[in-house]
Structures are given as structure tokens and as C-alpha cells.
Amino acid sequence: MLHGEIMIVHETKKILQQNHQFAKKMFGQNFLIEENILKKIIEQGEVSSSDCVIEIGPGLGTLTEFLAIHSKHVLCYEIDSDMIAILNQTLSSYSNITIVHQDILKVDIKKDIDTYFPKNSKIKVISNLPYYITTPILFRLLQIPSISLMLFMVQKELGERMSGKPKTKEYNALSVLMNYYATCSIVHRVSRNCFYPVPNVESVLLLVLPKQNDYSVNNEPHFTKFVQNIFSKRRKTLINNITSYYPFSKEEITQVLLTLHFPKEVRSEELTLEDILKVYQQLFFNMK
Ligand code: SAM
């Protein structure tokens, strides 16, 4: 294969057959077979020759090939040894790809960044994610300051929750926590026919731009739990959700809400991240 000659995307079924392989459900294997979506990913990720890119789950190497053509270096992690064997053939003509045979959830990504990428590189994470690890991997990646952009193919409903806005049905604890760390937006809707095999769910491309943390909250793990708790019962008021988990009286919480000029019947889904931060700080640390 000549460098720059795109072919894996058109040959997905053939490559699987030739290697006596099939898509494995347990690894969330739905391969991208639509070239326009790959072009869209490169465009939305603004991938350029100075970028170092991390890809999670290269599969047959379809997206990896596109990324390698447009970027400086691609570091990819694949859990499935059958895919590793195929990748060693499909991507053999690219010298700017590092393939690591590992479960991404067990990898020290920061250490690998230092090992494989030049110091002070511009790092992007771009991936057609296996759906079952989307949330845990995202929160791990958000802890790595050198990552400037992430672009993920995710299940539509999850993408909508992650980018959810107050007073909508998609808005929940995940929306608030994502918004704490990053600005998230859906940049493209992707039909299920763009994959082989065709999945049961629709997908979206989610752009995640980490915030250079604007917020300094006391005790982040405690705040994370607080956000999860106050969204646990959607139909309850904020006061009732708080009293279900913490030893405050309704009067104490009412006082905090009134100090912050929120009605006492307010529900979590009506509050922005900034509002929730204020309630949290005032409630637990007596500070706005
Ligand atoms: N990138 C390919 C594409 O777009 O056609 C394949 C995407 S497929 C949705 C997800 C890929 O992630 C599969 O190749 C699967 O084997 C791999 N994978 C699943 N779980 C993984 C994990 N924990 N660590 C690394 N790779 C994983």
C-alpha cells in the first residue's frame, strides 16, 4: 500500500474475512466504513502536521490511517490481539504510528505521552470509542493537562447528556461534571449505516475542549459526589435531594438558597454549574 492511498475504509469486510475475524461485541467493535465521516473527524479535530494524536481502539486501522496522514504521530491502544495482528499488516507502511497492545483503562497514559511524544507536543485524543468505556476513559483523560482537544464518536444519548444544558431533559450530573472540566458540543450526527456491523444505536461526534481550570472547588471528589447526589431523584427539589444524603436541616439549606437568591423549591436541573458550585461552597464551607 502506498503512503496516502486510503483503502482500509473500503475493505473492512474483506480484511475481516481474509483474517478469519468477525466484529467482537464484547470489545464494542463497530468499524467505520464511511470515508466522509473520517474526513469530518479530521476537519473537526483540526488535525495538522504538528499534532500528536492518541487513538483508543484502532480496530483495523481505518481512522488511524487518516490520522497518520494528517498528523505528526499517532499513538494507539488496542485491547484485542486479533486486531493487533491485522494492524501490523494494514498500517505497515506508516512510520509515524505506534501501536500499543493494552487495555486503555490499565495504561499510564501520562507516562506514555512522555515516552512517545516530544516534550511540549500539542496532544489531541481522537477516537471512535468502544461505547462501554466512554465515561471512565473521558474522566481519566480530563485529568491530563497536556491534552488540548478530544474528539469522540459516542452513543447519541451519552453525547447529549455530556453536552446537556440546564432545563433540558438531557441535563444531569454528567452534564455538570463534564462542564466543570470541559466545553462539550455535538459537532456532527452520524448515521448507524456508517458502521459495520450496523449498531443498534445512533452516534454523534462529541468535541471536548478541556478548560484550563477556571474553577477552584474545595475537595473535588466530594463535589463530584455532591453533584451525583443532587441529581439522584429528578422529581425532588434540591432541598429534598440534599437532605437525603447530608445531615443538614431543611431550614439550613433554605437559608443557603435564600442567601444565594435561589427559590427554595428550586430543582437541580434548573441550576448551572456556577450555581451548583455556589450552593456547594456555601453549604459545606460557608463561602460563596
Ligand atoms: N477505530 C476503529 C474504527 O473506527 O473503525 C474501531 C472502533 S471500534 C468502535 C472500538 C475499538 O476499540 C475496537 O477495535 C476494540 O477492540 C477496541 N477496544 C475495546 N475496548 C478497549 C480497551 N479497553 N482498550 C483499548 N482498546 C479497546
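One is the number of the first residue; the rest follow in order along the sequence. Counting convention: from 1, in listed order, for ligands and their atoms alike. The structure displayed is predicted, hence computed values, not measured ones.
- Heavy atoms from other residues, nucleotides or ligands lying under 6.0 Å from NZ of Lys236 number more than 12.
- Taking the side-chain hydrogen bond (donor to acceptor under 3.5 Å, both in side chains) definition, one finds that Glu78 meets it with nothing, sequence neighbours left out.
- For ligand 1, the atoms closer than 4.0 angstrom to any heavy atom of Ile104 are 22 (C), 23 (N), 24 (N), 25 (C).
- Among Met153, Met26, Glu78, the residue whose heavy atom lies closest to atom 17 (C) of ligand 1 is Glu78.
- Considering backbone and side-chain atoms together, Leu105 places no N or O closer than 3.5 Å to any N or O of ligand 1.
- Here the protein heavy atom with the shortest distance to atom 8 (S) of ligand 1 is Gly28 O, 3.5 Å.
- Ligand-side atoms of ligand 1 in range of Glu55: 1 (N), range being under 4.0 angstrom from any heavy atom.
- With hydrogens left out, the protein atom closest to atom 5 (O) of ligand 1 is Leu32 N, 2.9 Å, a heavy atom.
- Among all non-hydrogen protein atoms, the one lying nearest atom 13 (C) of ligand 1 is Gln29 CG, 3.5 Å.
- For atom 2 (C) of ligand 1, the closest non-hydrogen atom of the protein is Pro58 O, 3.2 Å.
- Contacts of Ser127 with ligand 1, taken as heavy-atom pairs under 4.0 Å, are absent altogether.
- Where the criterion is an N or O separation shorter than 3.5 Å, residue side chain and backbone included, Asn30 fails it with respect to ligand 1.
- Dense packing is recorded around NZ of Lys24, with more than 12 heavy atoms of other residues, nucleotides or ligands lying under 6.0 Å away.
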message: Quick one, Asn128 with Phe195, criterion side-chain contact (heavy atoms from CB on, under 4.5 Å). Give me CA distance, side-chain angles, the key distance, then yes/no.
response: CA-CA 10 Å; Asn128 173 16; Phe195 303 90; 3.9 Å; yes

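- Protein heavy atom closest to atom 20 (N) of ligand 1, with residue, atom name and distance, is Tyr132 OH, 2.8 Å.
- Remark: the backbone N or O of Pro197 is paired with a side-chain donor or acceptor of Asn30 at under 3.5 angstrom.
- Checked options Phe285, Tyr180, Tyr246; the residue passing with Tyr280 is Phe285 (criterion: ring pair (Phe, Tyr, Trp, His ring centres under 6.0 Å)).
- Counting non-hydrogen atoms of neighbouring residues, nucleotides and ligands closer than 6.0 angstrom, the CD atom of Glu46 reaches no more than 12 such neighbours.
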task: Apply ring pair (Phe, Tyr, Trp, His ring centres under 6.0 Å) to Phe117 and His73, showing your working.
output: CA-CA 8 Å; Phe117 294 153; His73 193 126; 5.6 Å; yes

